[in-house]
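Notes to accompany the following structure.
What you see is a predicted model; the values in this text were computed from it and never measured. Residue numbers count from 1 along this sequence.
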Amino acid sequence: MKTIKHVERLQRLHNLIEMECTGSPLRIAERLRISERTVYYLIEQLRDYEAQIGYDRGRKTYYYKDDFVLEVNFSICIGNPDQVTEILEGSYFKNRTRPDEDQRNSRYL
């Protein structure tokens, strides 16, 4: 669950940067209920994904210098070898039968 929480924080920070209404790093930390150090870590992670991020001291906000898209998708599959149920965002999404063994190995690894 820590991974999901981390990705949710990253998505929330991305949304704030995209709207150019982040405030200072301390303000972001307060909004997201994380430490200021974690804010810097998340910004660095976005930069690792090649996001060009700047900070405007006059407006006190981070912004993207170029277009940047962050799309996060989760897929959780449960079941047995004959049938898999895919769960998306906590609800049942669809039922499907498993692909052939070779396809399954390349798709699910």
Side-chain angles (χ1 to χ4, degrees):
M1 288 300 168
K2 287 184 179 185
T3 301
I4 293 172
K5 188 175 239 181
H6 176 77
V7 171
E8 287 173 346
R9 289 174 176 163
L10 194 63
Q11 181 70 51
R12 288 182 63 199
L13 177 60
H14 164 72
N15 291 341
L16 292 172
I17 295 172
E18 198 171 43
M19 294 183 300
E20 297 185 10
C21 65
T22 62
S24 68
L26 181 60
R27 178 66 183 124
I28 296 170
E30 291 169 352
R31 282 174 118 172
L32 300 182
R33 295 184 176 163
I34 57 177
S35 70
E36 193 172 350
R37 177 68 200 120
T38 300
V39 170
Y40 290 114
Y41 173 75
L42 292 172
I43 290 169
E44 282 305 309
Q45 189 171 16
L46 288 171
R47 287 183 174 142
D48 287 345
Y49 297 144
E50 299 183 12
Q52 300 297 314
I53 300 173
Y55 185 76
D56 185 325
R57 291 183 184 181
R59 296 184 300 145
K60 292 187 180 179
T61 188
Y62 286 95
Y63 63 94
Y64 288 119
K65 296 177 183 178
D66 293 321
D67 290 336
F68 180 74
V69 175
L70 177 68
E71 184 176 321
V72 178
N73 297 304
F74 289 99
S75 179
I76 301 172
C77 298
I78 59 172
N80 58 42
D82 298 325
Q83 184 157 2
V84 172
T85 300
E86 186 172 349
I87 300 173
L88 185 64
E89 297 179 349
S91 62
Y92 290 101
F93 181 69
K94 66 181 177 178
N95 287 326
R96 62 182 155 88
T97 56
R98 283 214 182 231
D100 293 335
E101 186 69 27
D102 292 338
Q103 290 175 343
R104 180 178 55 190
N105 287 339
S106 65
R107 185 173 176 177
Y108 292 100
L109 291 179

Could you label the plane-to-plane angle of the His14 and Tyr64 rings as parallel, tilted or perpendicular, counting under 30° as parallel and over 60° as perpendicular? tilted
Once you round to the nearest 0.5 Å, how far does CG of Asn15 lie from OG1 of Thr22? 12.5 Å
What is the minimum heavy-atom distance between Lys65 and Ile53, and which atoms define it? CE-O, 3.9 Å
Apply salt bridge (Lys or Arg N to Asp or Glu O under 4.0 Å) to Glu18 and list each qualifying residue two or more places apart in sequence or on a separate chain. none
Enter the distance from Leu16:CG to Gln11:CD here, rounded to the nearest 0.5 Å. 10.5 Å
Can you tell me how far CG of Leu42 sits from CD1 of Ile34, rounded to the nearest 0.5 angstrom? 5.0 Å
More than 12 non-hydrogen atoms from neighbouring residues, nucleotides or ligands closer than 6.0 Å to CG on Asp67, yes or no? no
Sorted by chain and number, sequence neighbours left out, ring-ring contact (aromatic ring centres under 6.0 Å, His included) with Tyr41 holds for His6
My understanding is that only residues two or more places apart in sequence, or in another chain, count here; which of them pass ring-ring contact (aromatic ring centres under 6.0 Å, His included) with Tyr55? Tyr62
Contacts satisfying salt bridge (charged side-chain N to carboxylate O under 4.0 Å, His left out) that involve residues 21-30 (not counting sequence neighbours) are Arg27-Glu30
Report the distance from atom CG of Leu70 to atom CD1 of Ile17, rounding to the nearest 0.5 Å. 9.5 Å
Heavy atoms of Gln52 and Asp66 approach each other most closely as CG-OD2, 3.6 Å
Reported CD1-to-CG distance for the pair Ile43 and Leu10, which is rounded to 0.5 angstrom: 10.5 Å
What residue pairs, at least two apart or across chains, pass salt bridge (charged side-chain N to carboxylate O under 4.0 Å, His left out) with a residue in residues 33-45? Glu44-Arg47
Residues in side-chain hydrogen bond (donor to acceptor under 3.5 Å, both in side chains) contact with Ser24, at least two apart in sequence or another chain: none
Residues which pass side-chain hydrogen bond (donor to acceptor under 3.5 Å, both in side chains) with Glu50, listed by chain and number, not counting sequence neighbours: none
Nearest 0.5 Å please: distance from the CD1 atom of Ile28 over to the OG1 atom of Thr61. 7.0 Å
Would a hydrophobic clustering, with Ile, Leu, Val, Met, Phe, Trp and Tyr connected at side-chain separations under 4.5 Å, put Val7 with Val39? yes
